[in-house]
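All remarks here apply to the structure that follows.
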Amino acid sequence: LASASETRAVLLRSAGVSITAVAARVDEDTIRLSLSDEGAKPRDIADALADAKARKVAQRFPDAVVIGCDQVLDFAGQAWGKAETADAARAQLQRLRGQTHLLHSAVVLYNGSRPIWRHIGEVRLTMRMFSDAFLDDYLARNWDAARHSVGTYRVEDEGIRLFTRIDGDHFTVLGLPLLPVLSYLGDRGFIPA
């Protein structure tokens, strides 16, 4: 797994997939900004980031099946990454309040140092009209964990209270379209099926 995400590792291990998690260490901000400047769509940015991570780790482990993942928040056609500060998170969440946005969760598999499969899951999320006081309390309690998530929310924790509706696969919200990944790995004989 070309990721330092504990959530993604837990999802795969809980599904019985034996993995080694390796942080890819790619410059996500540079890739995201460069692609945005070129007019790339948020889903394509998610795919490019997942590919860059998988490729980087596959270079170190050429005989392994490497799973690269990334998630991009798409609000009004703009790609958002993780907020750098609590103030930036507050501003992002205020803009998303009462609005609907998309999450694009991309996964790219490499084997033999080349890409063999890719998938992009999409989820539509609608935030409720929470108060500024609730938002401040939420960030005070959750910043340390939520800062690692695009959108500064974790639906597996208190972040679920920010939403009125989520349309799509729960695993995709968590950053890994797990069911398509497991199907592909099983169909190709990488895991028992």
Side-chain angles (χ1 to χ4, degrees), residues 1-24 26 28 32 41-55 57-58 64-75 79-83 92-93 96 100-111 115-128 142 145-193:
L1 176 64
S3 176
S5 166
E6 184 179 328
T7 299
R8 290 181 182 126
V10 167
L11 289 174
L12 287 164
R13 288 182 180 129
S14 294
V17 179
S18 176
I19 61 154
T20 301
V22 178
V26 298
E28 295 182 47
R32 185 180 293 107
K41 295 179 179 169
R43 68 177 283 120
D44 296 331
I45 295 171
D47 181 65
L49 288 165
D51 188 274
K53 291 175 180 180
R55 183 175 58 251
V57 172
V65 174
V66 177
I67 302 170
C69 309
D70 203 86
Q71 188 174 61
V72 171
L73 188 152
D74 178 349
F75 182 62
W80 289 15
K82 297 171 186 159
Q92 280 187 355
L93 290 169
L96 294 172
T100 298
H101 66 275
L102 300 173
L103 284 180
H104 302 288
S105 293
V107 59
V108 177
L109 272 61
Y110 268 62
N111 185 241
I116 58 170
W117 183 78
R118 59 195 340 113
H119 175 83
I120 302 171
E122 182 178 287
V123 179
R124 183 176 303 276
L125 301 97
T126 302
M127 283 198 174
R128 68 182 182 86
N142 295 284
R147 68 188 179 93
H148 300 290
S149 301
V150 66
T152 320
Y153 52 78
R154 291 172 37 100
V155 299
E156 64 271 35
D157 294 325
E158 189 181 349
I160 193 65
R161 293 180 57 197
L162 298 169
F163 296 94
T164 59
R165 185 178 177 105
I166 298 175
D167 296 308
D169 178 65
H170 178 70
F171 300 116
T172 300
V173 177
L174 299 180
L176 177 65
L178 187 61
L179 298 177
V181 170
L182 294 175
S183 292
Y184 180 82
L185 292 173
D187 289 348
R188 297 300 173 146
F190 292 118
I191 60 173

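Between the side chain of Gln71 and the backbone N or O of Ser149 there is no donor-acceptor pair closer than 3.5 Å.
For His170, the side chain to side chain contact (heavy atoms under 4.5 Å, CB included) partners two or more places apart in sequence, or in a different chain, are Val155, Leu174. His119 meets the side-chain hydrogen bond (donor to acceptor under 3.5 Å, both in side chains) test with no other residue; sequence neighbours excluded. For Tyr184, the ring-ring contact (aromatic ring centres under 6.0 Å, His included) criterion is met by Trp117, not counting sequence neighbours. Residues passing the side-chain hydrogen bond (donor to acceptor under 3.5 Å, both in side chains) test with Arg55, sequence neighbours excluded: Asp51. Partners of Tyr110 by ring-ring contact (aromatic ring centres under 6.0 Å, His included), not counting sequence neighbours: none found. Under the rule for a side chain to side chain contact (heavy atoms under 4.5 Å, CB included), the partners of Ala64 that lie at least two apart in sequence or sit in another chain are Phe61, Val66. Take Ala23 and apply the side chain to side chain contact (heavy atoms under 4.5 Å, CB included) test, not counting sequence neighbours, and it matches Ala4, Arg25. Checked against side-chain hydrogen bond (donor to acceptor under 3.5 Å, both in side chains), Thr164 has no partners two or more places apart in sequence or in another chain. Evaluation of the side-chain hydrogen bond (donor to acceptor under 3.5 Å, both in side chains) rule for Gln92 yields no partner, not counting sequence neighbours.
Counting all heavy atoms, side chain and backbone alike, Pro115 lies closest to Val108 at CB-CG1, 4.4 Å. Heavy-atom minimum distance, Leu1 versus Ile19: CD2-CD1, 3.9 Å. Counting all heavy atoms, side chain and backbone alike, Pro177 lies closest to Ser105 at CG-O, 3.4 Å. Nearest heavy atom pair, residue Gly151 against residue Leu93, reads O-CD2, 3.3 Å. Between Ala145 and Arg154, the shortest heavy-atom distance links the atoms O-CD, 3.5 Å. Scanning both residues, Gly175 and Cys69, for their nearest heavy atoms gives O-CB, 4.0 Å.
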Worksheet item: Can you check side-chain contact (heavy atoms from CB on, under 4.5 Å) on Val107 and Ile67, steps first, answer last?
Response: CA-CA 7 Å; Val107 59; Ile67 302 170; 3.5 Å; yes
Item to complete: Could you give me the CA-CA distance, side-chain angles and deciding distance for Asp74 and Arg43, then say whether side-chain contact (heavy atoms from CB on, under 4.5 Å) is met?
Response: CA-CA 8 Å; Asp74 178 349; Arg43 68 177 283 120; over 6 Å; no
Item to complete: Start with the C-alpha gap between Phe171 and Val181, add the side-chain angles, then the distance that decides, and say whether side-chain contact (heavy atoms from CB on, under 4.5 Å) holds.
Response: CA-CA 11 Å; Phe171 300 116; Val181 170; over 6 Å; no
Fill in: side-chain contact (heavy atoms from CB on, under 4.5 Å) between Asn111 and Leu109, intermediate numbers included
CA-CA 7 Å; Asn111 185 241; Leu109 272 61; over 6 Å; no
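Ile120 CD1 to Ile45 CD1: the interatomic distance, rounded to the nearest 0.5 Å, is 11.0 Å.
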When the side chains of residues 186-193 are checked against the rest of the protein, which donor-acceptor pairs come out under 3.5 Å, sequence neighbours left out?
none

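The salt bridge (Lys or Arg N to Asp or Glu O under 4.0 Å) pairs that include a residue from residues 3-20 number zero, where partners must be two or more places apart or lie in different chains. Legend: salt bridge (Lys or Arg N to Asp or Glu O under 4.0 Å) pairs involving residues 160-172, not counting sequence neighbours, sorted by first then second residue: Glu158-Arg161, Arg165-Asp167.
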